[in-house]
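Any value given below was found using the heavy atoms of this structure, including those in side chains, with hydrogens, waters and symmetry copies removed. Chain identifiers are assigned alphabetically (A, B, ...) following the order of the sequence lines, protein sequences preceding nucleic acid strands; residue numbering begins at 1 within each chain. Being a predicted model, the structure only gives us computed values, none of them experimental.
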Amino acid sequence: MKRLIFLSVSLAALFVLAGCKKFLTETSQDEIRPSTVSDLVALMAGDGYPYQTNLSPILDLISDNVQCNGGQGNVALSEVVRKGRAPFTWMKNLYQEALLPGGLATAYLNSWQTMYGKIAGCNTVIAYIDRVSGTETEKNNLRGQALTMRAYYYFMLVNMYGKPYNAEGVNPETSSGVPLKLRMEVTDSLYPRNTVAEVYAQIEADLKAGLKYMKDYPQNNNTYKMNPLAAYAMLSRLYLYQEKWEQAIAYADSVIAVRPNLTQLSTYKGRPIGGYYLFNNGTTFEYSNRIYDPILSKEIIWQFSAIGTGTGSSEDEVFRSSVFSAAYSNTIEPPYSVSNSLLSLYETRPLSDTAVYLGDLRLRTYFLTSLYFVTTSPVVYGFKFYGGSKGVGGDGLRVSEMYLNRAEAKIQMAIKNANVSLLQTALNDLNTLRSARYDARRPYSPVVITDAQQLLTFCKEERRREFPLEGGHRWFDLRRWGMPSISHFYEEDPGTGQTYTLEKGDSRYILPIPNAVLERNAMISQNP
Amino acid sequence: MQSTAITRTFEKGPGNQLPKLIRVMKLTTLFLTFFWLHVTARTDAQTVTLSVKNAPVKQVLLQVQKQTGFNIMVEEQLLDKAGKVTLKVKDASVEAVLRLCFKQEQFLYSLEDRTIVVRKSTPAETVEELAAEITGKITDEEGNPLAKVSVYNITTKKGVISNDEGTFRIQASQGDVIQFSYVGFITKQVKITEGTTTLTMKLERRASAADEVIITGYQNVQKSKMTGSVSKVKAEDLLLNGATTIEQALQGKMPGVEIVNNSGQIGTRQTVRVRGVSTLLGNQEPVWVVDGIIQEDPLPFQAKELNRFNQEPSGSELLKNFIGSAIAWLNPYDIEEVTVLKDAASTAIYGVKAANGVILITTKRGKAGRAPVVSYNASISTQSMLTYDKLNLMNSKERIDVSREIWEKGLTSTTALDNVGYSGLLKQYLEQKLSYDEFNAGVKQLEVNNTNWFDVLYQRPVNQSHSLSVSGGSGNSSYYGSFGANMQKGQAKGNGQTGYQGSVSFTTNITSRLAASVKIAGGYAKTDGFYNTDPYKYATTTSRVIPAYNEDGTLSYYNYWNSGLRFNVLNELSQSGNSNTRTNLNTGISIRYRFSGGFMFESLFGANYSNVSSEAYATERSYAMTRDRGYEYGTYGPNDQQFKMSRLPFGGILVTGNNSNYNYTWRNGLNYGRTFNKVHVVTGLLGMELRSNIYKATNATVYGYMPDRGKVVIMPPGIIQNSIGSPVENLLYSADLINTTITDRTANYVSYYSSGSYTYDNRYVMSVSLRGDASNRFGQDTRARFKPIWAVGGRWNVANEKFFRKTSWLNDLSVRASYGFQGNVAENFGPDLIIKIPAGTNAISNLTGEPIYRISNMPYSNLRWEKTQTVNLGLDFNFLGGRIGASLDYYNKRSRDLIVMKDVPFENGVTQMPVNSGTLNNSGIDLSLNFIPVRTKDFTWTVGINSARNFNKVTSRQVQNPTWNTAKSGTYYVEGYAVSSFWVFDFAGLDSATGIPLINLPTTAQNPNVKFDAAAFMKYAGKFNADFTGGFNTSFRYKTLTVSSSMYLSTGAHKLLAPLYSVDMIRSTPYEYNNLPQLLVNRWRKPGDHLTTDIPSLPQATVGFLTIPSGAQTFGNQSQGSSETPYTLYNFSTARVVNASFLRVNNISVSYSLPAKIAKRIFSKTAMIGYSISNVYTFVSRDYKGLDPEVAAGSQPLPRIHAFNLAITF
């Protein structure tokens, strides 16, 4: 009997031990350990790519493309005006100020945190890619995407928080950039700032490595994924910023050789009201014609921002708040709107002109417009442009930038080497771009400029017209074009307005690092 | 009934087969050894193999006992006198051995059941005297009959045993001394006087706890061998009146167990903490165990929800409150006793999760060999009605006075005039719709409106509960079955619970070695509650100026919060509902096989199933749905623009949930117990346990529900129109308001456990226990699986030392010491990367349509275990025959390497990482004292006191969010302070010119620390947890009338009063819709008032904000806001901190047992009627200024409960 019991106990124990492994197999409804490359693809989508993420919610507000129209005696409007105050007036402690109640309390304000969070996602994918199953193609292509994406973030960071690479009297070998965190592991050690040159070198290395992986292991990805063209485009931009003109041209050539397409804005469907066309009228999405619309637009290399269904989706607080009934009114202006200096750069017809020819269509597609009744009987409409650019335009990389990069680099080389033939090709690039932007109901008349300096100025204006409120282009361009003096008029209550000026070469062209960052990492020194 | 079997003399003779009467436990004088700690199996067909030469009879008997497991009942001296025997038998019957043994001796022996009774034979046996026959009855103190009491006539040396009814018959003549003895009771002797023919004996329980058995769930251990710290309370010491939960009944009954009533609302869970708080991030709840099976919550709770001290749960958790705790299914009348295991030595066998203590509930079982006993318990109770008296809210006149002040002083508001009350009339007057006289007349009417919302919404509930049980047993089997029903009504009309519980348990000895027991319990409970409308909140926050009814008795509607839509709370309640149904089935089977050599194998399997299905709805006629629809019911049709724009043109809302939990436990253990050389007792236990816990739930919200039209659901349109006629997506879909969520979780655990003890001469005890667990929890560090936690303990039973043996006054004295090591694995962190599928629409990218994963946890490879070392020192003593007993425990729990989240540089991509850095110290003293100041036949007075003092301290700096919000909520851990410490703003009086509260706020310049440390700009206000709790229980018994009372004392805690200024008025003036605290009547009104009052003036929109030095650190997510109005700061300032010490008379109860004669007349054995009153009175600190302490802290006051009880046994 005793033996029998002992036997049965041992058997039971054996059974339990054998079943143990299965019994203790970890299970979770919504958690997994990445084991296949498709897990990492989904992880890259969630934490590596900036889908519907605002990487830099203040870069437009601090550029000269936005103006403040004041509170106009309306409490609600002055509240919105106050939200934008800290960045708009370039306050030294703009992040702290913006966080105060009534400030710009957007979830994405701390770009440093946002982008390093995404970099961690890229680093994790890079660290795990060799530990998961999948084909070599899938794995290496994804590795290439992660490397390219990481380069993009570092490019944004170093241009927000470091001195311009080409700034006069600044040695990029010694000036402070941002810390390079290239490994996945979380540690409580402190990371010092790398130099601007080191960061640029890392970006270059990542882009080239990423390019190689994506080229050697090609995959047919959608435009939301990084791809070889995007790496070329980023390299072109990188070299342009470093004033390495030949490379900037060469990489722009590489893109244009494969994808010369530019979106003909005149193919967009406008909404006829009051005798003229509206493209991005706030109330319906049927007539939204965004330059980053993956179906309509042919020139997208890579994109990340949403095509929202509403107005100004995923956009920064100030512009979103500007979607106020104010914009529908004849007498009240939106608190912040597209600056007059920018609007005046576009060639356009008077608004009341009922003729079909609209001139430069970018004015009506790159900005959100809103209708208002001038009179109700008979109906006369007026309309205004206000912010919310990215909700309309999206963000990412477009072919048009390659034409502009190439033109600018060629003009610079022409000036340097007194080479006139380069000027002509640069002018051709600009005209090619412009002809895609103009209303096609009248033939496009090409611009003719022969003076190199004049052409450079025109090229810079063209770049401003093409990238008014996108990807931080204007702010970054101002930085690398010698940080000129710009000013903002800020007013909450009528009559109390004040003009704030950013002097030429102002230290505020380098954004302050958020205090929260410094508090967690004592090795980081604040920008002067 | 009066058969000849009532009395039996001990007769000599081999063929005497006495009926199996004697219970195993019944030893009259001395038990030699108890072989097995469990109830043992039995048979008559035992055989013995023996070979001894000239051995003492005692030794032979021991051998017999060893081989057969029989118990032996004998006076030890008697055996010493017995001679020596020489025997050689093989497979002989016990009978035969005994016969051989006592051949030469003047002994009587008998075999009853499995007990050998040995007595000295006397000559009296043969000399039949003409003695009178005396009959009698023996009961315990409560009057319950005691069966099998040894009734022994010392003079004649003859004895009998009482029967099941406690009656006996014995021959005795005048002058004879009769002795009554029974295990666990004090032996009594009575001299027979002339003419005595009947005797009624009441035996008193022996208070000495040394032979008490402690059930640990894994083992039953004699108290004298217990090295750990436990306390135990019997069901009869708990006041179960059908209206209170088991947790409530336990308040103040066990030292070291703190039970906090959070609210007077029915079904609200109590917070239970055993010996303070020992973890910062983990679950702080103790483990509940019923009959050896660990109980799981019917719904998966979030640890953080349960940990919140003294706070109402959030919206969705409210529903779970009504469902009850892990033990809500248990019929309180089935409880036999409750034991709490507190220190490492006693809880180690439960593993890591028992770090917060273990509370064991043992249910009643039938007793073998007992005639069936049927008992019936009924209770009817009623509660005090909620009234405005305790709530200290303004009446109409006072409220109108506030509105008038706002208008007359021209205080600025952020909104236009409200549409009700004073400002409603004012608005009409200003718009010239009313004349000045009409306006004045209207205001006069409002001042006397005084709507009593409590009369409208509340009632005096009558609750009843009934429980019927049958128990009994025959020789080999016993059974217990019960059925309970309770019908509870809440104080709020429409709130109530109806429940039924049934249980059956059966235990049998299949063979002498094999025993089995089966238990099945099932229950059903339906709770009705509210959806969207909280009557308590409505009644306490709504202005009494607003009428509930029109003059003609119809419902009076008003423009709800200026929405333009009409509202009446009674309509809202009648058009919405919420009901939850809980069903459960709990089963358990255990099998024990005992084989020779002291080993026993036990297998226990328990499976529980519970299901909670809930349904909440609001119809299209409710305000809530009207708001979604956008217009009043029935005002627009399909052709109207409003209809086309409506996101919910038809129907209301339906929220359904189906949550089920299935769990099972399977445990196999091998027990060992053996005595060597009489004095060395060795026990051991080795086992393995499997546990699985599965939650499955479906919760869904749909719109378009029409409960009154066949319960159809018409789904709302996907695309509706906007104000200019363009199609837009219906928000109900785009914002995920129509949704279904599925929960599917399985938690599996495998554990091994082991324990052993060695006892020398019942004086010195050493014990050790060990356990390791592994689970299937996702993302754990698998290296830490099965890592053991362990504890060792020792005990010295001082009273058993030789030098104390002679003292009669000392019944028990023992000292205990234990040391334990507990490790806790980092629950959510491991060396692997864990990625998570986001919830709802976030699981898919709406940009690209591809699946989205997010990083849940980065890999952390260097995390260590959280380690807790516990030292427990205990002292138990008991003297003067149990008149004074005490148990004192000191403990010190040191937790090291607690995992805390440390802020790391943003460059890592995450903001925090877990590091082993926290240390926490808990120490304290638990004391329980029992006195019996008076103990006579008719009058007994008992006093029980238990108290606990706990100190806990955070002993390392925690890296944390230093905002004022964290600091005021008791979750800011600062080195040197107790865990629940909180900080408040320093109130510095009122501004003399404006009455705005002034707050001392140091600036960064004054103290640079204020930027990083909320404690630097706030004032330490105390802690939320009490550091001393005590229970005082006393009872007086005169004959069959018992009066008892229990009180509960809690000191050392502080509380923040509920905010004086509600959130919606701090930045504006009070809304007309809201009622206000009566305290505001004494508000600052004009300059100079600051000398006479410290209640600030009414807030208004133009009051400047104060900048709070820190708080901007929460970058990136949401900012806490680093400037607030002074009124917000006042709400959380020193002015609102009170000393939360209180002394509550928990209950007073009176019970009366009917005399046996009357009881008999109603065909019952005993009948008891009782009355009790709960929450009798609470003494609180003067700080409360007369407010009810619960109300003052913002929750519902505890109701006073009157209950009538009836208990009858048949």
Side-chain angles (χ1 to χ4, degrees), chain A residues 1-2 5 9 12-13 16 20 23-34 39 41-43 45-47 51-52 95-96 99-101 105 107 109-110 112-114 116-117 119-121 123-124 128 179 181 184 186-188 190-191 222 224 283-284 306 309 514-517 519-521, chain B residues 593 595-596 601 668 670 688 690 722 724 726 729 743-746 748 750 774-780 785 832-839 845 847-848 850-856 858-860 902-911 913 915 1105 1112-1113 1115-1119 1121-1123:
Chain A
M1 194 64 182
K2 191 170 162 183
I5 292 292
V9 170
V16 165
C20 203
F23 192 70
L24 288 179
T25 303
E26 293 178 27
T27 59
S28 171
Q29 189 182 351
D30 57 0
E31 286 177 314
I32 54 167
R33 285 195 171 85
D39 289 341
V41 169
L43 183 65
D47 276 333
Y51 295 169
Q52 282 150 322
Y95 286 108
Q96 283 67 47
L99 270 179
L100 292 178
L109 187 57
N110 189 348
W112 188 285
Q113 186 185 355
T114 311
Y116 272 106
I119 288 169
N123 285 338
T124 306
Y128 265 79
K181 169 85 168 63
M184 168 188 68
V186 176
T187 66
D188 54 357
L190 307 176
Y191 311 95
N222 59 32
Y224 295 98
T283 50
T284 59
T309 49
N515 260 0
V517 172
E519 274 161 22
R520 283 159 180 266
N521 187 350
Chain B
Y593 188 83
F595 34 110
S596 50
F601 172 73
N668 289 298
L670 193 64
M688 183 159 205
L690 294 185
N722 67 6
I724 60 163
S726 306
E729 222 182 321
T743 309
D744 185 353
R745 293 190 215 167
T746 303
N748 291 338
V750 174
S775 79
N776 71 335
R777 197 187 44 71
F778 199 83
Q780 62 186 330
R785 274 180 172 175
D832 294 323
L833 172 74
I834 302 300
I835 55 188
K836 195 177 171 70
I837 305 162
S845 163
L847 260 190
T848 65
E850 64 190 320
I852 294 281
Y853 289 163
R854 304 299 302 268
I855 294 174
S856 170
M858 292 293 259
Y860 301 100
K902 183 179 183 186
D903 285 356
V904 291
F906 283 120
E907 292 77 50
N908 284 297
V910 292
T911 53
M913 70 181 278
V915 290
F1105 281 45
Q1113 272 72 2
F1115 215 122
N1117 303 319
Q1118 66 271 73
S1119 78
S1122 53
S1123 73

Compare every heavy atom of [Y] with every heavy atom of [X], then report the nearest pair and how far apart it is.
| X | Y | answer |
| --- | --- | --- |
| B/Pro851 | A/Ala45 | O-CB, 4.1 Å |
| A/Thr25 | B/Asn776 | O-CB, 3.3 Å |
| A/Asp188 | B/Met913 | N-SD, 3.8 Å |
| A/Thr124 | B/Met858 | OG1-CE, 3.7 Å |
| B/Gly909 | A/Ala120 | CA-CB, 3.7 Å |

Out of curiosity, [X] [atom1] to [Y] [atom2], how far, rounded to the nearest 0.5 Å?
| X | Y | atom1 | atom2 | value |
| --- | --- | --- | --- | --- |
| B/Phe906 | A/Asn521 | CZ | CG | 10.5 Å |
| A/Gln113 | B/Thr911 | CD | OG1 | 6.5 Å |
| B/Arg854 | A/Leu43 | CZ | CG | 9.0 Å |
| B/Arg745 | A/Ser28 | CZ | OG | 8.5 Å |

Sort [X] into side chain, backbone, both or neither according to what part of it lies under 4.5 angstrom from a heavy atom of chain B.
| X | result |
| --- | --- |
| A/Pro34 | both |
| A/Asp47 | both |
| A/Asn123 | neither |

Judged by atom type as modelled, is there a donor-acceptor pair below 3.5 Å linking the side chain of A/Gln29 to the main-chain atoms of B/Asp744?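 Yes, because the side chain of A/Gln29 sits within donor-acceptor range (under 3.5 Å) of the backbone of B/Asp744.
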#### Entry: Side-chain donor or acceptor of B/Asn748 paired with backbone N/O of A/Phe23 under 3.5 Å
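At least one qualifying donor-acceptor pair exists.
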Chain A: which of B/Asp832, B/Thr746, B/Leu833 shares the most heavy-atom pairs with it under 4.5 Å?
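Highest number of heavy-atom pairs under 4.5 Å: B/Leu833.
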- With a 4.5 Å heavy-atom cut-off, do B/Ile835 and A/Glu31 have their side chains touching?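 A side-chain contact under 4.5 Å is absent here.
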| task | Measure B/Ser845 against the heavy atoms of chain A and call it side chain, backbone, both or neither at under 4.5 Å. | result |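 Side chain of B/Ser845 only, per the 4.5 Å heavy-atom cut-off to chain A.
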Considering only heavy atoms, which portion of B/Glu850 lies under 4.5 Å from any heavy atom of chain A: side chain, backbone, both, or neither?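 The side chain, not the backbone.
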Best-contacting candidate, A/Val41, A/Ile119, A/Asp39, against chain B by heavy atom pairs under 4.5 angstrom: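 Option with the top pair count is A/Asp39.
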Tell me every residue that passes side chain to side chain donor-acceptor pair (under 3.5 Å) with A/Tyr191, counting only those two or more places apart in sequence or in another chain.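 Here the qualifying residues are A/Thr187, B/Asn908.
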